[in-house]
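On a predicted model such as this, the values are computed, not experimentally measured, just so you know. Protein chains get the first letters and strands the later ones, always in sequence-line order, with residue 1 at the start of each.
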Amino acid sequence: MELLDKLTILADAAKYDAACTSSGVGRAGRGGMGSALPAGCCHSFSADGRCISLLKVLMTNRCRYDCAYCVNRRSNDVPRAAFTPRELCELTMGFYRRNYIEGLFLSSAVLRDPDYTTEQMIAVLTLLREGCGFGGYIHAKAIPGADPLLTHRLGLLCDRLSVNIELPSQRSLALLAPDKTRASILGPMEQIRDGVARSRQELVRYRHAPRFAPAGQSTQMIVGATPETDLQILRLSQGLYRRYQLKRVFYSAYMPVSDSNLLPARQGFRPPLLREHRLYQADWLLRFYHFDAGELLDEDHPHFDPRLDPKCGWALRHPEFFPVEVNRADYEALLRVPGLGVTSARRILAARRAGPLTFEGLKTLGVVLKRARYFLTCSGRCAPGAARLRPEDLFFRLADPLPGQSAGALPGQLSLFPPAI
Amino acid sequence: MSQPVQFLYLYDGSFAGFLTCVFESYARAEEPACFSLFDDPRTALWPERAVETDREKAERVYRSLSRRISPEVQRWVRHGFLTCAPEKERRLYDFIRLAYRAGPAVIRDLTDPRVAPLHTALLHLWKEAHLFQGFVRFSDQGGILCGQISPKNRVLPLLRPHFCARFPRERLLLYDRTHREALLYQPRQWAILPMEDLQLADPSQEELAYRQLWRRFYDTIAIRERENPRCRMTHMPKRYWDDMTEFQTDGAAPGTALART
Ligand code: SF4
């Protein structure tokens, strides 16, 4: 088979994996080829608007397993292919030299068994790192069920090593991915966490200690294929961040790839893209804004309102927290204001040392006031037109129109307000 | 205090030249009303002051920015000179004057009209340089990696450390059409030189094959059900596309965009 055809099949099979980031590790060029930037780098954006940073492919899409939600499942009738380690190594180097990519994202279906599959992946990475002196970014997916020794070797060759949690609950996993167990996923996650920690300690003691997945691990779960609520999903993410020190949890709106009656019917199914978007926003609040999953949602409101940014939703439910005074509030309080991000909050802290800030001043600073203006005061003064808005007016000013609808055209809009407002 | 006399400062357009102007204006206790290049044909209202670039004076100013104010202010000035802000010399000059008075804290005063526009221009420069780290495309032309870009700001000095560190064993040529200069690199040596034009030879079979593979990857990796042209455009504005392999058709080498202008 031509290389072009293989690439087509194996990129197509990998495209549903959301992770394409190349962040988390800085490395200068080391005489061979390649370097890594701590903040990562996007080399292009595909037609769906997602960042392309890494050459994202599968080693092979020939799979023994039959996970219902996956295009590569054994029972699916699709063309199959496999790269040889040398082919994939050359392709990566050729792309990297031309600055098409930041590195390689290598995952694989389970060919023969998890050990054999992992060995194939190790062969590619060894060729790259040792044969070509490649210093670019490598993200590899650990194969659940592989010998921990092999997983360890994989981790020594890559920057990020991760395992997909696949689905938000054990029940769904058992139902849809009968060949995988929660344990076979959490086992490697634990191993990676401990491997990263140990390698960090060793590096402190001697500089040339082997580095194990220095950019840490991430994971991904499919949203909308199974009945879990946003609250369940967010709690799971929070638990994963805390227990396994994950760098990222990726959410992937389910794409209808199967007619299995365990999954939403393919006919007329619309991938829950907006829901995915809200989950990413909430995830962001967990990681950078010091929110707790339990603050954003609770048993009475287990789902995000699709029309509202989760932070706006929180703000509307907590009028007692506002207004926040720009010239006195601490960093934490500023971060809770809808529309204020980390950069804006930092700029406010820096700029107000030079003198009290006004709304005009905030604009000069580049702070976007579209939403924030309803929640701030500057030296006790509200923004023009922002004082004394009724909560339901505020709701309309903060809500995003749903696709195909205007913000005002929704029935039952007030039912979302808790009586407190 | 009497109003200092205002002059039109003429210089050679180099950073050292600009710093020499700063030196002269302080030495003569006069204020430049604006700056122009030696060969600028426009006439102005002010008396002219032609300033010959003097490395030593320039270096004194450059060092003092760091020593008397802060390394960060020095960086703002160095990078500020690379931006495409209108009347950037005049703005930089005002900023420098203010910085000598206000000290290192000057860069935090983002509501001051002498600081805010410079800060905006710098953010624009840094963002553009960051994007180009990813968007530059090289072609292998007989063993030399060649690329071309049309940036708004002069990004080559900012891209230089990145690409030289990334490809230490390669030979590189990155051409900036807008400012007609090129970054040249071979192991352990680099230069940024003026260059009028760049004509590339026809690509080899291997080069064509890689381009085709990349285009195929690019087209395949998008999820059709999620197509979102607006989002793509926000992250990667159209003006970058001309020089990117994934938007070119076969046979068209990067750089054929030149023929269109
Ligand atoms: S093991 Fe992986 S590739 Fe194979 S069917 Fe399951 S999810 Fe798909």
Query raised in the report: Does Arg98(A) reach the side chain of Ser139(B), with side-chain heavy atoms less than 4.5 Å apart?
Result: no
Report summary line: Cut-off 4.5 Å, heavy atoms of chain A, and the answer for Ala116(B) is side chain
Requested in this report: Using non-hydrogen atoms and a 4.5 Å limit, figure out which bit of Ala39(A) sits close to chain B: side chain, backbone, both or neither.
Outcome: neither
Query raised in the report: Does atom CZ of Arg266(A) have more than 12 heavy-atom neighbours from other groups under 6.0 Å away?
Result: yes
Report summary line: Looking only at Val136(B), Asp112(B), Thr120(B), the option with the highest number of non-hydrogen pairs under 4.5 Å against chain A is Val136(B)
Query raised in the report: Of all of Ala47(A), Ala11(A), Cys41(A), which one pairs up most often with chain B through heavy atoms under 4.5 Å apart?
Result: Ala47(A)
Query - Residue Glu2(A) versus chain B: region with a heavy atom under 4.5 Å - result: neither
Query - Under 4.5 Å from any heavy atom of chain A - which part of Ile107(B) - result: neither
Report task. Step through the shown structure and confirm whether more than 12 heavy atoms of other residues, nucleotides or ligands are within 6.0 Å of CZ on Arg381(A). Result -> no
Query raised in the report: For the residue pair Phe217(B) and Leu54(A), what are the closest heavy atoms and their distance?
Result: CZ-O, 3.9 Å
Query raised in the report: Roughly how far, to the nearest 0.5 Å, is the CG atom of Asp12(A) from the CZ atom of Arg216(B)?
Result: 11.0 Å
Query raised in the report: If only atom types and distance count, is the side chain of His43(A) paired as donor or acceptor with the main-chain N or O of Phe135(B) below 3.5 Å?
Result: no
Query raised in the report: Based on non-hydrogen pairs under 4.5 Å, which of Gly94(A), Gly361(A), Ala351(A) is most in contact with chain B?
Result: Gly94(A)
Report task. Using the side chain to side chain contact (heavy atoms under 4.5 Å, CB included) rule, take Leu273(A) and Glu225(B) through it: C-alpha gap first, then chi angles, then the decisive distance, then the call. Result -> CA-CA 10 Å; Leu273(A) 296 178; Glu225(B) 296 92 325; over 6 Å; no
Query raised in the report: So, Tyr100(A) side chain and Glu246(B) main chain: donor-acceptor pair closer than 3.5 Å or not?
Result: no
Query - Heavy-atom contact with chain B under 4.5 Å, split by part of Ala354(A) - result: side chain
**Report entry** Crowding at CZ, Arg86(A) (>12 non-hydrogen neighbours, <6.0 Å)
**Finding:** no
Requested in this report: Answer yes or no: are there more than 12 heavy-atom neighbours, outside Glu87(B) itself, under 6.0 Å from its atom CD?
Outcome: no
Requested in this report: Could you tell me whether Arg239(B) atom CZ has more than 12 heavy atoms of other residues or ligands within 6.0 Å of it?
Outcome: yes
Report task. May I ask you to name which of Leu4(A), Leu55(A), Leu91(A), Asp48(A) has the most heavy-atom pairs under 4.5 Å with chain B? Result -> Asp48(A)
Query - Residue part contacting chain A, namely of Glu170(B), when any heavy atom lies under 4.5 Å - result: side chain
Query - Separation between SG of Cys51(A) and NE2 of His235(B), rounded to the nearest 0.5 Å - result: 8.5 Å
**Report entry** Heavy-atom proximity to chain B below 4.5 Å, by part of Arg352(A)
**Finding:** neither
Report summary line: Comparing Arg97(A), Lys363(A), Arg353(A), Met255(A) against chain B, the one with the most heavy-atom pairs below 4.5 Å turns out to be Arg97(A)
Query - OG1-CZ distance between Thr234(B) and Phe45(A), expressed to the nearest 0.5 angstrom - result: 9.5 Å
Report summary line: Only one of Ile221(B), Asp219(B), Asn228(B) passes side chain to side chain contact (heavy atoms under 4.5 Å, CB included) with Ser46(A), and that residue is Ile221(B)
Report task. Answer with side chain, backbone, both or neither: which region of Met233(B) has an atom nearer than 4.5 Å to a non-hydrogen atom of chain A? Result -> neither
Query raised in the report: chain A heavy atoms under 4.5 Å from Tyr240(B): which part of the residue, side chain, backbone, both or neither?
Result: neither
Query raised in the report: Can you say whether Ile52(A) sits under 4.5 Å from chain B via the side chain, the backbone, both, or neither, judging by heavy atoms?
Result: side chain
Query raised in the report: Does Arg137(B) reach the main-chain N or O of Asn99(A) with its side chain, forming a donor-acceptor pair under 3.5 Å?
Result: yes
Query raised in the report: Side chains of Arg226(B) and Glu276(A): does their closest heavy-atom pair fall under 4.5 Å?
Result: yes
**Report entry** Spacing of Thr343(A) atom OG1 and Leu123(B) atom CG [to the nearest 0.5 Å]
**Finding:** 9.5 Å
Report task. Before giving the answer on side chain to side chain contact (heavy atoms under 4.5 Å, CB included), spell out for Glu360(A) and Thr111(B) the whole-Å C-alpha distance, their side-chain angles and the decisive distance to 0.1 Å. Result -> CA-CA 9 Å; Glu360(A) 271 311 304; Thr111(B) 52; over 6 Å; no
Query raised in the report: Who wins among Leu110(B), Ile223(B), Thr220(B) for the most heavy-atom pairs under 4.5 Å with chain A?
Result: Ile223(B)
Query - Greatest number of heavy atom pairs closer than 4.5 Å to chain A - which of Asp140(B), Val115(B), Asp109(B) - result: Asp140(B)
Query raised in the report: Taking atom CD of Glu102(A) and atom CD of Gln133(B), what is their separation to the nearest 0.5 Å?
Result: 8.0 Å
Query raised in the report: Side chains of Arg108(B) and Arg347(A): does their closest heavy-atom pair fall under 4.5 Å?
Result: no
**Report entry** Winner by heavy-atom pair count (cut-off under 4.5 Å) against chain B, out of Thr364(A), Thr8(A), Leu362(A), Leu365(A)
**Finding:** Thr8(A)
Query raised in the report: Around Trp284(A), counting heavy atoms of other residues, nucleotides and ligands shown, do more than 12 lie under 6.0 Å from its CH2?
Result: no
Requested in this report: Search all heavy atoms of Gly49(A) against all heavy atoms of Cys231(B) and return the closest pair with its distance.
Outcome: O-SG, 3.6 Å
Report task. Indicate whether any N or O donor in one side chain lies under 3.5 Å from an N or O acceptor in the other, for Arg166(B) and Tyr96(A). Result -> yes
